[in-house]
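Below you'll find the structure, written out as structure tokens, and then a few comments.
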Number of protein chains: 2
Amino acid sequence: MAIAYIEDLARHEGQSVTIRGWLHNRRSSGRIHFLTVRDGSGFVQAVMSRNIVGDELFHRADHLAQETSILVSGTVRADTRAPGGFEIDATELQVVSESKDYPITPKEHGVDYLMDRRHLWIRSPRQQAILRVRHEVIDAIRDFFNGRGFVLADTPIFTPAACEGTTTLFPVQYFENETAFLTQSGQLYNEANAMALGRVYCFGPTFRAEKSKTRRHLTEFWMVEPEVAYATLDDIIELGEALVVSVVGRVLDTRRRELEMLERDTTKLERVKTPFPRISYDEAAEILKQHGRPFESGGDFGGTDETVLSQQFDRPVAVHRYPAAVKAFYMKPDPERPDRALCVDVLAPEGYGEIIGGGQRLDDYDLLLQRIHEHNLPQDAFEWYLDLRRYGSVPHSGFGMGVERVVAWLCGLEHIRETIPYPRMLYRLYP
Amino acid sequence: MAIAYIEDLARHEGQSVTIRGWLHNRRSSGRIHFLTVRDGSGFVQAVMSRNIVGDELFHRADHLAQETSILVSGTVRADTRAPGGFEIDATELQVVSESKDYPITPKEHGVDYLMDRRHLWIRSPRQQAILRVRHEVIDAIRDFFNGRGFVLADTPIFTPAACEGTTTLFPVQYFENETAFLTQSGQLYNEANAMALGRVYCFGPTFRAEKSKTRRHLTEFWMVEPEVAYATLDDIIELGEALVVSVVGRVLDTRRRELEMLERDTTKLERVKTPFPRISYDEAAEILKQHGRPFESGGDFGGTDETVLSQQFDRPVAVHRYPAAVKAFYMKPDPERPDRALCVDVLAPEGYGEIIGGGQRLDDYDLLLQRIHEHNLPQDAFEWYLDLRRYGSVPHSGFGMGVERVVAWLCGLEHIRETIPYPRMLYRLYP
């Protein structure tokens, strides 16, 4: 009998197949078992009738517990009422291994309880839906860049120096005599790569030793960072817009069923089209004042500020030209107003916060050196970075987009912890 | 005038375009400059004739140094002798930024000298070719798995416990009270993910604090690891074969020019077809004895042993069923010979060593617990892993494939350090 995955049942209509999976749920009447089976690719109901399989096999299925691993064989039958469009008329069932007292039952569990059992929690339909959206987001990002001539150039995780101060860095003893820091961003290396390959991106895990415990922060998260030689701030805002629209469109195209399972209001996602509204930092500050936020001009926006701003628009909003003082040392100042940086943050709608941060980089050697000193950074560690301004410096820009923030937004999640299989947070290192 | 990338010149034949890039090389006669320009997407020769551009502009190009950033405008002309098929008849040239005494000249430099300047070295045609092959290898791997119903499920970098002993792990202080270890493999988490999603893979950086200084080892390297519920050793060997054949085919299809630049003998890669020869550990040991290797049966193979073995075959060879004693605690024993593990290593041809390692996992609760104790591993840390055998255990298998080893093999490189933009090794953390 052919082995089939549940997601492929349409190809097997009318045929006899074997599904290899786990029992997700069971309802029984005296004469029929309704077994919901999952195999990782989907869920399907197997209908087992006592008349057909006989008493012995029927009774074997009487006491099957949730998450028992089973092989179910039977005929694939189309059924428009079934979520996947098909059911199986079971003719055979084989238990692979039992599952006694599976700890995650259909009843409600607390979040800590579930997080301690994250390795099992991910078997639930809701968590599977989120992880499939995550998969799609990542694939859509890569397709976007690969289709536009970008070269994936991985930047190192072990870095010798801190990019923006060491307070939120994880240090690692690197053999006997050196200390490495886990990367917070591949950007500096991306700049070197862009000088070599023109259009590049890195896509890997990044690390922040932030002690804050918020629903938007992980200590380990994945970020895609494009960098483009000869690109200006405006170029990179356009690139970011196109990326976000492309990713949202892809998820709407291919993951409707998952978004439905998550009860996501997709009409809000359908509004995500270019162009995004673009407002300056000053305009944003004005909006916050109008909404009674206790915001001091010149400072950075807090989480609640971002929420208020994002709620003014029905699509992501690009906020540009922040005060240079609150931004990193490598930002290029706006020639028309040098106390402002040529930078941009893109805030997701519905209060999901910053999903993109980037801008145009400082390409002048002397000014960069001055900034390195002003920020008390060790010049030695940045000699290679200064080289990029010594040998054929060019205007260049880039940004970073956090995968988990995007997944939380697209799935409509309260907390970022569900967007990655094994979230790492201040008090969470297990499993 | 339209801005164009060099790789897109075919679309602009006969048109006037501007290339934004860097001067790679210059030859001049009294009346003509031949300027080789690179923009990250390719290299093109711009021909600048004094008759056409006039004395002033012609002299401006007289002393342009290597890696000066320039904008070159002119008409795109097909030329079958040109490596990319096109040349540019220059009409305008603008210097963006100078490049004085660029440290990497066409003359030979030592490896340490180049590695210290890796951020500039990657601008060279050879390094660019390697990085483009790397990009393609990674993209081919992802397409392979995504096209076969696998879900990308990222496994954590911070792990609470050591998978195979702590001697080659990098510890990280995780806030006040905990120690995390940087992952050496996502496999244990992959197993949990496969129980949830059926067919999964993770693809991220992994870390080994190995003090050995060999041409095959990095402390930070990228690995793809598929894991499949209900798969046996044979299934996973087939999956590995198909993956390798698919990746090699893709690189041959799309990166011919890069392989040519690297002077790779592609006839050797064209032989990489399924099925791969499969030999048992005992057969491999016999081959080593025949070739006079001082090999002690029961032990693991060394680098030279792997080279000798791989040289017996014109394609990758799968060596299976090693002694359980030299393999990790989670390997399933061969039921027909319990002192052997149901594992496989795939060795690349031409002495490039192990590119794949994997096998069938122990799915029996009692035996796994016994192994954890035999290996003196802390049971507490593995409770979640034991859960996978408590709740619906199933046969399952997977493997890991190292990206850098594959790139080194496909590019025909002596040393693995050129396969990643910023290699990390025992004595190499900069730039």
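In what follows, chains carry the letters A, B, and so on, assigned in the order in which the sequence lines appear, proteins first and then strands, with residues in each chain numbered from 1. The structure presented is a predicted model; accordingly, all values stated were derived computationally and were not measured.
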Going by heavy atoms in the side chains, are [X] and [Y] under 4.5 Å from each other?
X	Y	answer
F207(B)	I157(A)	yes
R134(A)	D154(B)	yes
Y230(B)	V96(A)	yes
Y189(A)	H119(B)	no
D387(B)	L120(A)	yes
R390(A)	K100(B)	no
L197(A)	R132(B)	yes

If you tally heavy-atom pairs under 4.5 Å against chain B, which of [options] wins?
options	answer
Q128(A), Q127(A), E67(A)	Q128(A)
I420(A), D143(A), V151(A), T68(A)	V151(A)
G198(A), A65(A), G21(A), S41(A)	G21(A)

Portion of [X] that has a non-hydrogen atom of chain B nearer than 4.5 angstrom:
X	value
R20(A)	both
Y385(A)	neither
D380(A)	backbone
P156(A)	both
V137(A)	neither
P171(A)	backbone
A194(A)	backbone
I122(A)	both
D39(A)	backbone
D101(A)	backbone
F150(A)	backbone
R424(A)	both
L182(A)	side chain
E176(A)	side chain

So which residue, [options], ends up with the most heavy-atom pairs under 4.5 Å with chain A?
options	result
V95(B), L426(B), V172(B)	L426(B)
E191(B), E136(B), K211(B), Q173(B)	K211(B)
R389(B), E210(B), R118(B), Q66(B)	E210(B)
A196(B), A153(B), A192(B), S99(B)	A196(B)

Just by distance, with hydrogens left out, do [X] and [Y] show a side-chain donor and acceptor under 3.5 Å apart?
X	Y	value
Y174(A)	T219(B)	yes
N193(A)	Y422(B)	yes
Y391(B)	S97(A)	no

**Request:** First locate atom CG of L131(A), then atom CG of L152(B), and finally report the distance between them rounded to the nearest 0.5 Å.
**Result:**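 Reported value, rounded in 0.5 Å steps: 10.0 Å.
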**Request:** State whether the number of non-hydrogen atoms from other residues, nucleotides or ligands found under 6.0 Å of Q94(B) atom CD is greater than 12.
**Result:**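 Not more than 12 within 6.0 Å, no.
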**Asked** Counting only heavy atoms not in F175(A), do more than 12 sit closer than 6.0 Å to its CZ atom?
**Response**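 Enclosed.
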Chain A heavy atoms under 4.5 Å from [X]: which part of the residue, side chain, backbone, both or neither?
X	value
P431(B)	both
E178(B)	side chain
T155(B)	backbone
E220(B)	side chain
I138(B)	side chain
Y365(B)	neither

**Request:** Could you tell me whether F158(B) and F170(A) have their ring centroids closer than 6.0 angstrom?
**Result:**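 For F158(B) and F170(A), the ring centres are under 6.0 Å apart.
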**Asked** What about the rings of F203(A) and W222(B), do their centers lie closer together than 6.0 Å?
**Response**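 No - the distance between ring centres of F203(A) and W222(B) does not fall below the 6.0 Å cut-off.
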**Item:** Minimal non-hydrogen separation, M195(A) against R38(B), with atom names
**Value:**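 Heavy atoms only, the tightest pair is O-NH2, 2.8 Å.
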**Asked** Under 4.0 Å between a Lys/Arg side-chain N and an Asp/Glu carboxylate O for E7(A) and R199(B)?
**Response**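 Yes, this pair counts.
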